[in-house]
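The following block contains the structure, expressed as structure tokens.
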Amino acid sequence: MSVRVRFAPSPTGYLHIGSARTALFNYLYARHVGGKFLLRIEDTDIARSNEESTRSILEGLAWLELGHDEEVVFQSDNADKHRETAKSLLAEGKAYRDFTPKAEPGDSSVKDAIKERARASAEGSAGMRANPYRLISEVESDTRAASGEPFAIRLKVSETGRTAFDDAVYGIQERDYADTEDLVLLRSDGHPLYNLAVVCDDIEMGITHVIRGQDHLTNTHKQILIYEALGITPPIFAHLPLILAPNKGKLSKRKHGEIVSMTTYRDAGFLAAAFRNFLALLGWSAGEEKEIYSLDELIAKFSLEGIHRSNGIFNFKENDPRHWTDDKAIWFNAEYIRTMPLAELLPHVKAELKANKLWKDEYDSPITDEGLANGSELTADSHYSTWFLHTVDLIRQRFFTLKDFSSQGRAYFSEDYDLDAAAVAKNLTKFPELREWLPELAERFESEFAGANWPPADTGGSDKTFTEENIEAVVKAFAEEKGTKLGVIMNGARTLLTGVAVGPSMLSVFEILGLERTLMRLRSQVAWNG
RNA sequence: GACCGGUUCGUCUAGGGGUCUAGGACACCGCCCUUUCACGGCGGCAACACGGGUUCAAAUCCCGUACCGGUUACCA
């Protein structure tokens with residue numbers, strides 16, 4: 001039988017990082033064994049579920065490129081079948097009606113109330129089989145039900161025995177029946193509850209492997225009870241370790257906010273491939289000293305055996321912009337940006353520039369400017385201009401996210417860029433002479449490179465081209481003439497021309513910006529005027 | 001409280017009785033490169049939770065303790 005797995009989120013918020021990893025592991029496993037990866041939205045809790053969440057989850061999955069097979073299943077569509085199942089269990093005597101009035105929620109939080117109740121029932125010797133309605137006669141039960149008295153349907157768990165299963169990650173798991181309550185299958189208002197719905201749907205969908213968070217470990221025992229009552233062999237279970245906050249506590253939407261949401265990473269300029277890579281290595285490893293895995297490699301190497309048993313921490317520092325999310329996630333992203341094939345990166349850069357109104361159609365123009373000075377290997381099979389190719393390749397080396405192309409890299413694509421105040425102070429205003437020198441350097445460039453412009457094609461005459469070696473000679477001579485260090489000129493120019501204090505070799509920057517823009521910017525007095 | 005699970009550098013992890021004076025990655029620190037730098041190169045700091053066993057030999061196996069987490073709903 002071929003493998004069928006499912007990702008089954010409940011739509012009560014955006015796609016959480018832990019859920020995203022669960023989805024990824026399901027996806028990788030399915031692809032690894034050539035099975036199907038299905039998606040089911042567990043929207044049985046009408047009060048908490050909403051369409052907005054479903055949309056957000058779908059968006060998150062789409063961003064991560066975890067495409068599912070077959071149609072999305074909405075659990076609420078199957079409620080009738082769930083009810084039927086509960087009723088048949090009742091008819092077979094494997095479940096019973098509980099006429100106990102539904103408890104009203106108290107003042108304390110739900111969690112605390114549960115804990116209190118659990119403690120209380122543990123102290124009383126009643127145990128899990130104490131429900132009086134477990135024992136009433138079929139006739140009495142039928143009569144009361146017929147008279148309209150509301151009831152919940154509970155599974156009748158045997159007095160003695162135990163549930164057991166062999167978890168693909170955690171190994172043999174056993175639990176005494178005495179530790180499991182007669183769980184409610186159907187609420188008194190007729191609503192099917194989680195455990196029933198999951199089992200019914202997993203059966204219906206032909207799920208062979210259930211891969212989910214280990215917070216479901218105890219639910220699994222309850223679900224096995226339902227499978228047994230139904231006379232159906234349970235699927236294989238594989239529980240995943242949890243992803244915790246830096247304080248080892250729960251990573252929650254309420255406490256940690258946006259940082260746990262997939263859309264945050266999409267919007268912050270992360271590459272899906274990089275984030276997937278990061279996620280894959282949180283709780284799983286191939287047992288080798290390797291960090292960067294393409295999706296195909298992950299699929300090829302993924303195995304349930306490689307999943308860890310201990311919870312992992314999603315490490316970040318609140319209030320520290322440099323470490324606002326897990327350092328390793330940031331590193332993966334930066335690594336992908338600077339090393340991935342340029343052709344794969346370019347569409348993302350284009351989208352980023354477009355979103356910030358920095359895109360120009362000329363970047364799209366197929367290569368006509370063949371005469372690249374530094375005769376590059378950057379093949380332009382592409383739909384992008386050579387200048388665009390070179391610029392992106394040059395500046396990506398020091399970038400972390402796609403956002404950097406429109407922020408730090410703005411000056412390459414627009415004349416409208418801000419100068420970083422700290423950079424201005426350090427590299428320009430500290431050397432007042434630069435106010436005269438830089439325009440003077442512009443004059444020098446203009447006379448030396450008259451007629452030449454970017455692209456540095458052969459301009460025919462004896463004019464030198466505006467390329468690194470030639471620029472270097474001119475700037476060096478200029479600095480010497482002024483009796484100053486080369487760095488003063490270079491750093492001043494860098495700040496004025498790019499707005500920031502860091503970047504690639506200044507010679508490359510001059511060249512890539514071209515003579516015309518270089519002259520214009522060197523003559524600008526904005527750094528001193530305002 | 002009860003039941004279940006977990007514990008290797010700050011974090012992600014390798015390791016499954018001897019090859020472990022415990023390896024890699026991120027972060028951090030230092031040096032180098034350099035006109036700057038968040039690129040790159042080299043190096044450094046830094047861990048087997050604790051206590052008992054078993055064994056010639058334990059990070060690896062067993063037991064206990066501690067700590068952390070999960071669950072204990074007519075939530076999912």
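A, B, ... follow the sequence lines: proteins, then strands. Residue 1 opens every chain. Bear in mind the structure is a predicted one, so any value in this text is a computation, not a measurement.
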Exercise answer: donor-acceptor pairs, residues 236-250 of chain A side-chain atoms, under 3.5 Å, sequence neighbours excluded:
{"residue": "His239(A)", "atom": "ND1", "partner": "Asp167(A)", "partner atom": "OD2", "Å": "2.6"}
{"residue": "His239(A)", "atom": "NE2", "partner": "Thr220(A)", "partner atom": "OG1", "Å": "2.9"}
{"residue": "Asn247(A)", "atom": "OD1", "partner": "Gly249(A)", "partner atom": "N", "Å": "2.8"}

Measure from NZ or CZ of Arg21(A) to the centre of the six-membered ring of Phe25(A), then state whether that distance is under 6.0 Å and the direction lies within 45° of the axis.
yes
Would you indicate which nucleotide in U35(B), A76(B), A38(B) comes nearest to any side-chain atom of Met506(A)?
U35(B)
When all nucleic acid strands are considered with a 4.0 Å heavy-atom cut-off, which category describes Asp176(A): base, sugar-phosphate, or nothing?
nothing
Heavy atoms under 4.0 Å, any strand shown: does Gly312(A) hit a base, just sugar-phosphate, or nothing?
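Since only primed, P, OP1 and OP2 atoms lie under 4.0 Å of Gly312(A), the category is sugar-phosphate.
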Non-neighbouring partners of Arg309(A) that pass side-chain contact (heavy atoms from CB on, under 4.5 Å), sequence neighbours left out
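Once residues adjacent in sequence are excluded, the partners of Arg309(A) under the side-chain contact (heavy atoms from CB on, under 4.5 Å) criterion are Val169(A), Tyr170(A).
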Categorize Thr12(A) for me: base, sugar-phosphate, or nothing, with a 4.0 angstrom heavy-atom threshold over every strand shown.
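Result for Thr12(A) = nothing.
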Angle class for the Tyr194(A)/His216(A) ring planes (parallel below 30°, perpendicular above 60°, tilted otherwise)?
parallel
When rounded to whole Å, the CG to C1' distance for the pair Asp320(A) and A38(B) reads 14 Å
Pairing partner of U36(B) (Watson-Crick or G-U wobble, both distances under 3.5 Å)
none
For C31(B), give its Watson-Crick or G-U wobble partner with both distances under 3.5 Å, or none.
G41(B)
Which part of the nucleic acid, if any, lies within contact of Thr44(A), taking any heavy atom under 4.0 Å across all strands shown: a base, the sugar-phosphate backbone alone, or nothing?
sugar-phosphate
Rounded off to whole Å, could you give me the CG-to-C1' distance for the Leu240(A) and C12(B) pair?
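Result: 16 Å.
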Under 3.5 Å for both donor-acceptor distances, Watson-Crick or wobble: does C9(B) have a partner, and if so which one?
none
Value in whole Å for how far the P atom of U35(B) lies from CZ of Arg494(A)
11 Å
Sidechain N-carboxylate O distance under 4.0 Å for Glu159(A), Arg129(A)
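A salt bridge is absent here (no side-chain N lies under 4.0 Å from a carboxylate O).
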Using a heavy-atom cut-off of 4.0 Å across all strands, would you classify Pro9(A) as base, sugar-phosphate, or nothing?
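Counting heavy atoms under 4.0 Å across all strands, no contact is made by Pro9(A).
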Applying salt bridge (charged side-chain N to carboxylate O under 4.0 Å, His left out) to Glu181(A) and Lys222(A), what does each step give before you reach the verdict?
CA-CA 9 Å; Glu181(A) 81 276 13; Lys222(A) 298 178 187 176; 3.2 Å; yes
Between the protein and nucleotides 20-23 of chain B, list the N/O to N/O atom pairs that are separated by less than 3.5 angstrom.
{"residue": "G23(B)", "atom": "O2'", "partner": "Glu289(A)", "partner atom": "OE2", "Å": "2.9"}
{"residue": "G23(B)", "atom": "N3", "partner": "Glu289(A)", "partner atom": "OE2", "Å": "3.4"}

Rounded to whole Å, how long is the line connecting atom CG of Asn277(A) with atom P of C26(B)?
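Those two atoms, CG and P, are 13 Å apart.
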Scan Tyr194(A) against the nucleic acid and name what it touches under 4.0 Å (heavy atoms): base, sugar-phosphate only, or nothing.
base
Need one value for Gln408(A): base, sugar-phosphate or nothing, where a base atom within 4.0 Å counts as base even if backbone is also close, heavy atoms only.
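Base contact.
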Aromatic ring centroids of Phe316(A) and Trp324(A) under 6.0 Å?
no
Along RNA chain B (nearest heavy atom to each residue), the more 5'-positioned of Gly503(A) and Lys102(A)
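By nearest-heavy-atom nucleotide position, the 5'-most residue is Gly503(A).
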Lys/Arg N to Asp/Glu carboxylate O, Glu84(A) vs Lys81(A), below 4.0 Å
no
Hey, mind stepping through Lys328(A) and Asp326(A) against salt bridge (charged side-chain N to carboxylate O under 4.0 Å, His left out) and telling me if it holds?
CA-CA 5 Å; Lys328(A) 207 144 186 176; Asp326(A) 197 298; over 6 Å; no
Using a heavy-atom cut-off of under 4.0 Å over every strand shown, decide if Leu507(A) touches base, sugar-phosphate, or nothing.
base
Just to be sure I understand the rule, does Phe314(A) reach a base, reach only the sugar-phosphate, or reach nothing, if contact means heavy atoms closer than 4.0 Å?
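Touches nothing.
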Mind checking the P distance from C48(B) to U11(B)? Whole angstroms is fine.
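My reading of the P atoms in C48(B) and U11(B) gives 12 Å.
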Considering Watson-Crick and G-U wobble pairs with both distances under 3.5 Å, what does G17(B) pair with?
none
List the steps, then state whether salt bridge (charged side-chain N to carboxylate O under 4.0 Å, His left out) holds for Glu433(A) with Arg435(A).
CA-CA 5 Å; Glu433(A) 314 90 316; Arg435(A) 186 171 188 169; over 6 Å; no
Which residues in residues 300-311 of chain A have at least one heavy atom lying under 4.0 Å from any atom of RNA chain B?
His308(A), Arg309(A), Ser310(A), Asn311(A)
A22(B): pairing nucleotide in any strand, Watson-Crick or G-U under 3.5 angstrom:
none
Would you tell me if any nitrogen or oxygen in the side chain of Ser285(A) comes within less than 4.0 Å of OP1 or OP2 on A14(B)?
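The answer is yes; a side-chain N or O of Ser285(A) sits under 4.0 Å from OP1 or OP2.
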Check salt bridge (charged side-chain N to carboxylate O under 4.0 Å, His left out) between Arg175(A) and all other residues, then give those that pass, not counting sequence neighbours.
none
Compute the centroid of each ring, for Phe405(A) and then for Phe399(A), and state whether the two points are separated by less than 6.0 Å.
yes
Would you mind classifying the nucleic acid contact of Gly283(A) as base, sugar-phosphate or nothing, using non-hydrogen atoms under 4.0 angstrom?
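Touches sugar-phosphate only.
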Which one is paired to U72(B), where only Watson-Crick or G-U wobble pairs with both distances under 3.5 angstrom count?
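Pair assignment: U72(B) / G1(B).
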Test side-chain contact (heavy atoms from CB on, under 4.5 Å) applied to Arg212(A) and Arg6(A), step by step
CA-CA 9 Å; Arg212(A) 60 173 28 156; Arg6(A) 84 298 195 278; 4.0 Å; yes
is_close_aromatic(Phe445(A), Phe466(A)), centroid dist under 6.0 Å
yes
May I have the distance from Trp324(A) (atom CH2) to A27(B) (atom C1'), rounded to whole angstrom?
16 Å
When you look at CD of Glu481(A), are more than 12 heavy atoms from neighbouring residues, nucleotides or ligands closer to it than 6.0 Å?
yes
Contact nearer the 5' end of RNA chain B, comparing Asn247(A) with Pro504(A)
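So the residue in question is Pro504(A).
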Euclidean distance, atom NE2 of residue His221(A) to atom P of G70(B) [Å, nearest integer]:
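After rounding, the gap between these two atoms is 18 Å.
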Between NZ of Lys248(A) and P of A49(B) the distance, given in whole Å, is 12 Å
Could you tell me how far apart Leu242(A) (CG) and C68(B) (P) are, to the nearest whole angstrom?
16 Å
Using purine N1 to pyrimidine N3 plus N6-O4 or O6-N4 for Watson-Crick, or N1-O2 and O6-N3 for G-U wobble, each under 3.5 Å, what pairs with A59(B)?
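Here A59(B) is not engaged in any pair, so there is no nucleotide opposite it.
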Phosphate oxygens OP1/OP2 of C28(B): is one of them under 4.0 Å from a side-chain N or O of Arg322(A)?
yes
Just checking Pro150(A): base, sugar-phosphate only, or nothing, at a heavy-atom cut-off of under 4.0 Å?
nothing
Extract from the structure each pairing of a protein N or O with an N or O of nucleotides 39-46 of chain B at less than 3.5 Å, listing the distance.
{"residue": "C39(B)", "atom": "O2'", "partner": "Gln397(A)", "partner atom": "OE1", "Å": "3.4"}

